[in-house]
Structures are given as C-alpha cells and as structure tokens.
Amino acid sequence: MLTQSLCARWQVAGPTEAGSRELAALADAHGTPLFVLRGAMLDERMAQLRAVLPAGMRVLYSVKANAQPEVLARLGPQVDGFDVASAAELALARAAAVPGSVLGMTGPGKRDEDLAVALAADAVVVLESLDEGARLARAAGGRRPRVMLRINPPFELAAESRMGGGPRKFGVDSEQAAAALAGIGALPLDFVGLHIYAGSNCLDAQSIANAMHATSSLAAELAAVAPGPVRVLNLGGGFGIPCLPGEGPLALDRLGESLGRLANEAGRRLPEATLCVELGRFVVGEAGVYLSRVVERKVSRGRVYLILDGGLNHHWHATGALEGRRHLHYPIWVVGAAGRPMESVTVCGPLCAPHDTWAEHLNLPRAEPGDLVAVFQSGAYTTAISPGDFMLRPAPARLLV
Ligand SMILES: *Cc1c(COP(=O)(O)O)cnc(C)c1O
C-alpha cells in the first residue's frame with residue numbers, strides 16, 4: 001500500500017510512466033547511486049504546514065536532516081529560520097543567504113569555535129547547560145548575545161528517537177532549570193526564551209500534541225523564574241514520516257487544530273512569546289528518492305539476491321541496520337518494471353557486511369543487472385548519518401530537480 005502510494009507520487013509505477021522515464025534519465029546522466037530531491041515537494045510540504053499551523057507560529061528547519069546547499073537555498077525563503085548544530089552547518093546556512101539573525105545553534109558539546117561562529121553571525125545560542133552560557137559570555141566580551149535555555153523535560157515523546165525525560169545529555173533538567181535561569185540572569189547574556197525538545201520521528205498526532213501542551217505548561221511555570229520575559233518558546237517538533245510497512249502519515253490537520261488551542265492558551269500565559277516548531281525530516285524526507293542499480297542478481301540456495309551498487313554506506317537508516325530492524329524496509333521499487341512478474345527477493349548493498357541489507361522477502365517485479373532500484377522517503381538523514389568511508393566506494397551524487 002505504502003509503496004504503491006509513494007510510487008504514485010513520483011509516478012514511477014503510474015500509468016504514464018513519465019516519472020520512471022525521468023528517474024531513468026537522471027540516473028543515466030548523473031550515474032548511480034544518486035539522491036534526487038524534488039523541490040516542488042518541499043514547497044508543497046511547507047504550504048501544508050502553513051495551512052494547518054496557527055498563524056504566527058514559526059517554522060524552523062533543522063539543517064542536520066539535509067544540509068544540501070540547494071535545499072537550504074530553496075527552504076531559506078520559506079521558513080522562519082534554521083536550526084544549526086555546528087559552525088559548519090551555520091556556514092552552509094549563511095552561504096545559502098539565510099541571515100544570521102534567524103539562525104539558532106542547538107546541540108550538546110558546542111566547542112568554543114562553534115560559539116565564536118554563532119556570535120559572529122549574531123545567531124541565537126540555545127544553551128544546553130549553564131557552563132556553556134558562561135563560556136559564551138566570556139567569548140562575547142561584553143556584547144550581550146541572545147540565548148535560549150534548553151530544558152530536559154520530565155516527559156518524553158513516545159517516538160523512535162527520544163530526547164527528553166530521564167537522564168539526558170540534552171539541556172538542563174527541568175528540576176534544575178530555575179537555578180540555571182538565575183545563573184543566566186547573572187551573566188551578560190540576553191535571555192530570549194526556552195527550548196524544549198521531547199523527541200523525534202513520531203507519527204501519532206495526539207502524542208505530539210500532548211508533548212507540546214506539556215511543554216507549553218512547563219514553559220509557563222518556568223517563565224515565573226526566568227531572568228526576563230519568554231519572548232520565544234521553541235516547542236520542539238518530532239513530526240514523523242511513514243517509512244516502514246504499516247506506518248501511515250501523521251494526521252497533520254488534527255495536530256494543527258490542537259496547536260491552535262495551544263497557541264490561544266500560550267497567548268494568555270506567555271503573552272510575549274512567539275511559538276516555534278523545528279522540523280527536519282517532515283520537511284525534506286518524503287521529497288527524496290535514492291536510486292541505485294542492480295549489479296548482480298544471484299540465487300543462493302533458492303533465495304534470490306539483488307546486489308545494488310549502494311547500501312548502508314549512503315543510507316544507513318533505510319537499510320535498517322541502525323536499529324536492527326532487518327525485516328522491515330523503506331518503500332522500494334524497480335523503476336520502469338511495472339507489469340513484470342513478481343518474485344520474492346533479498347535486496348542488498350555491496351558492502352562486505354551481512355547487515356548491509358535493504359529488504360528481505362520483498363515482492364518486487366523481476367529485476368536484472370542494470371535495472372534501477374528506487375528507495376523512497378529518502379530525503380532526510382541519509383549520507384550525513386551513514387558510514388560513507390566504509391569500503392571507500394564512491395559518494396552518491398545529489399540533485400534537486
Ligand atoms: C534533530 C533535531 C530536530 C529535527 O528532528 P526531525 O526528526 O528531523 O524533525 C529538531 N530539533 C532538534 C533539537 C534536533 O536535535
């Protein structure tokens with residue numbers, strides 16, 4: 001089901017075959033493996049978000065999801081700011097003509113070099129600890145840089161990647177937040193607000209809404225002990241995309257309605273606060289496809305293996321090796337093969353590691369060497385989180401079309 005609908009969006013298996021021809025032509029022109037991202041789908045996704053989120057809620061893009069320069073340039077005019085995690089990500093955002101003043105630098109373990117670059121760009125620094133605030137103040141030499149404080153909330157977002165609740169390296173524990181806020185007040189820093197990020201990649205609108213309502217309440221309590229008004233409240237994000245069999249899309253309309261209620265309530269309790277969400281995969285993930293060619297089709301003891309020219313060295317997350325979900329797989333299709341007889345195959349990458357496997361027992365149209373295999377939902381967290389040096393195979397090209 002999922003595979004079919006995604007293929008239809010790219011028209012790979014659609015009646016016109018136009019999408020298949022387009023992808024095949026791109027692979028011929030640029031070689032494989034290849035990432036292709038459709039710019040129009042980024043625009044469409046931003047328009048969807050704007051249509052459902054409450055007026056005035058800012059949307060920040062998390063650069064780490066996809067830092068391709070063309071992507072940053074395309075998203076720059078459409079979002080309200082970028083969330084960067086390092087000096088190098090900040091430089092990419094600046095190179096894409098994003099003003100430093102709408103950048104926020106978040107992430108544990110910022111080096112002095114990262115803080116210096118944030119200062120020079122006039123970016124907001126989202127402090128992960130009071131010590132970081134002291135280092136920033138020293139580096140600022142009397143200028144009062146804008147800072148937010150990241151809080152490790154007492155709750156978490158039930159999702160693939162949990163970043164709140166319990167002991168964490170992220171932020172300041174909520175029970176220590178009052179002391180940290182007082183500490184910030186004693187430093188030459190311009191406190192602008194709070195940042196609370198409870199988790200990532202959640203497909204349940206209700207869970208996200210619950211986490212954000214809890215976030216807003218926590219922020220309203222902390223505002224009473226903050227060194228200044230909360231002018232910005234970053235509610236986090238965690239909007240997921242369906243990648244695995246059985247997963248369905250996030251009910252964005254329902255989430256939007258709930259966030260509308262949240263915005264009304266926050267307007268009363270935190271009247272000076274601008275609300276933000278920060279999103280990565282939800283913005284770029286569905287717009288991308290990974291294209292790889294079948295190098296070999298081999299049969300081993302009755303099982304058919306398709307060995308592709310790319311694997312977890314480019315797209316670790318999709319192969320499932322990262323979380324040990326070998327039997328689950330991203331939507332995969334053989335480009336231009338609609339109508340061929342189906343067969344059950346194991347789709348592998350070329351690496352000398354058994355976990356370099358895209359999918360097992362997957363029904364696909366019969367593929368031969370030279371056929372192009374598309375892995376959908378591949379716009380976010382691809383090469384950046386993959387062990388690309390493993391076996392030193394060539395890096396994939398990346399296109400925005
Ligand atoms: C990674 C990250 C994001 C983006 O997460 P997605 O799942 O890609 O939306 C947002 N905020 C923070 C603080 C992050 O670490």
Side-chain angles (χ1 to χ4, degrees), residues 37 42 45-46 48-49 53 57-68 71-72 75 79-86 89-90 93 102-110 114 118 123-129 132 147-153 156-165 168-172 193-205 207-208 211-212 215 232-244 247 249-250 252 255 259 275-288 315-318 322-323 377-385:
L37 211 107
L42 299 181
R45 185 40 64 91
M46 284 309 303
Q48 279 174 346
L49 279 167
L53 293 179
M57 183 173 278
R58 291 192 197 158
V59 178
L60 310 179
Y61 173 62
S62 269
V63 169
K64 77 176 190 290
N66 184 326
Q68 205 178 325
V71 170
L72 303 187
L75 286 174
V79 299
D80 301 299
F82 282 178
D83 172 50
V84 298
S86 65
E89 282 192 359
L90 189 147
V102 300
L103 301 179
M105 186 182 277
T106 314
K110 295 181 203 71
D114 298 308
V124 175
V125 176
V126 180
L127 300 175
E128 305 265 350
S129 71
E132 194 177 81
V147 298
M148 296 174 64
L149 182 64
R150 183 170 182 178
I151 308 293
N152 175 28
E156 64 184 355
L157 178 59
E160 171 196 81
S161 182
R162 297 171 183 215
M163 296 202 215
R168 300 284 163 185
K169 70 174 174 179
F170 304 106
V172 171
L194 298 168
H195 177 290
I196 302 176
Y197 192 76
S200 192
N201 203 11
C202 179
L203 288 166
D204 179 34
S207 300
I208 296 174
M212 289 192 169
T215 293
V232 182
L233 172 57
N234 189 324
L235 295 163
F239 298 13
I241 59 169
C243 292
L244 304 180
E247 291 183 338
L250 180 65
L252 196 60
L255 181 54
L259 293 182
L275 302 179
C276 306
V277 290
E278 58 182 12
L279 306 173
R281 82 187 71 225
F282 191 74
V283 176
V284 291
E286 299 203 34
H315 203 355
W316 194 10
H317 211 272
L322 200 55
E323 300 100 9
Q377 304 296 75
S378 295
Y381 301 109
T382 56
T383 48
I385 59 153

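For ligands, and for the atoms within them, numbers begin at 1 and follow the listed sequence.
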**Student:** May I ask whether Tyr381 has any heavy atom positioned less than 4.0 angstrom from an atom of ligand 1?
**Tutor:**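 Checking ligand 1 against Tyr381, which is what was asked, there is a heavy-atom contact under 4.0 Å.
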
**Student:** For ligand 1, which atoms sit closer than 4.0 Å to a heavy atom of Lys64?
**Tutor:**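 Contacts of ligand 1 toward Lys64, numbered from 1: 1 (C), 2 (C), 3 (C), 4 (C), 14 (C), 15 (O).
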
**Student:** Is there a nitrogen or oxygen of Glu278 sitting under 3.5 Å from a nitrogen or oxygen of ligand 1?
**Tutor:**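 Yes; the residue has a nitrogen or oxygen that sits under 3.5 Å from a nitrogen or oxygen of the ligand.
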
**Student:** Consider side-chain contact (heavy atoms from CB on, under 4.5 Å). Of Val71, Leu42, Leu279, which one does Tyr61 pass it with?
**Tutor:**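 The side-chain contact (heavy atoms from CB on, under 4.5 Å) with Tyr61 is passed solely by Val71 among Val71, Leu42, Leu279.
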
**Student:** Using a plain distance cutoff, I'd like to know if Thr106 has any nitrogen or oxygen under 3.5 Å from a nitrogen or oxygen of ligand 1.
**Tutor:**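 Min N/O separation from ligand 1 is not below 3.5 Å for Thr106.
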
**Student:** Looking only at heavy atoms, which two atoms of Ile241 and Asn201 are closest? And how far apart?
**Tutor:**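 Taking Ile241 first and Asn201 second, the nearest heavy atoms are N-OD1, 3.5 Å.
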
**Student:** Show me which atoms of ligand 1 lie under 4.0 Å from any heavy atom of Ser200.
**Tutor:**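 Close to Ser200: 5 (O), 6 (P), 7 (O).
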
**Student:** Kindly identify the option in Phe282, Tyr197, Phe239 whose heavy atom sits closest to atom 5 (O) of ligand 1.
**Tutor:**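 Ranked by closest heavy atom to atom 5 (O) of ligand 1, first place is Tyr197.
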
**Student:** Taking C-beta and beyond as the side chain, do Asn234 and Thr215 meet within less than 4.5 Å on heavy atoms?
**Tutor:**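 When only atoms from C-beta onward are counted, Thr215 and Asn234 do not touch, as no gap falls below 4.5 Å.
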
**Student:** Can you name the nearest heavy-atom pair linking Pro153 to Ile196, along with the distance?
**Tutor:**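 Nearest pair, atom of Pro153 first, then Ile196: CG-CG2, 3.8 Å.
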
**Student:** Closer than 4.0 Å to some heavy atom of Ser62 - which atoms of ligand 1 meet that?
**Tutor:**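 Near Ser62, the atoms of ligand 1 are 2 (C), 3 (C), 4 (C), 10 (C), 11 (N).
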
**Student:** So, is Gly280 polar-close to ligand 1, with some N/O to N/O distance under 3.5 Å?
**Tutor:**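 For ligand 1, there is an N or O atom that lies under 3.5 Å from one belonging to Gly280.
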
**Student:** Give yes if a backbone or side-chain nitrogen or oxygen of His195 is under 3.5 Å from a nitrogen or oxygen of ligand 1, and no if not.
**Tutor:**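 No, since none of the N or O atoms of His195 sits under 3.5 Å from an N or O of ligand 1.
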
**Student:** Would you call Cys276 and Asp80 a side-chain contact if the rule is heavy atoms closer than 4.5 Å?
**Tutor:**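 Side chain of Cys276 against side chain of Asp80, heavy atoms only: no contact under 4.5 Å found.
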
**Student:** Check Met57, His195, Glu278, Arg58 against Leu235 for a side-chain contact (heavy atoms from CB on, under 4.5 Å) and give me the one that passes.
**Tutor:**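 In the set Met57, His195, Glu278, Arg58, the residue that makes a side-chain contact (heavy atoms from CB on, under 4.5 Å) with Leu235 is Met57.
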
**Student:** Any ion pair linking Lys110 and Glu132 (charged N to carboxylate O, less than 4.0 Å)?
**Tutor:**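 Yes, charged N to carboxylate O under 4.0 Å.
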
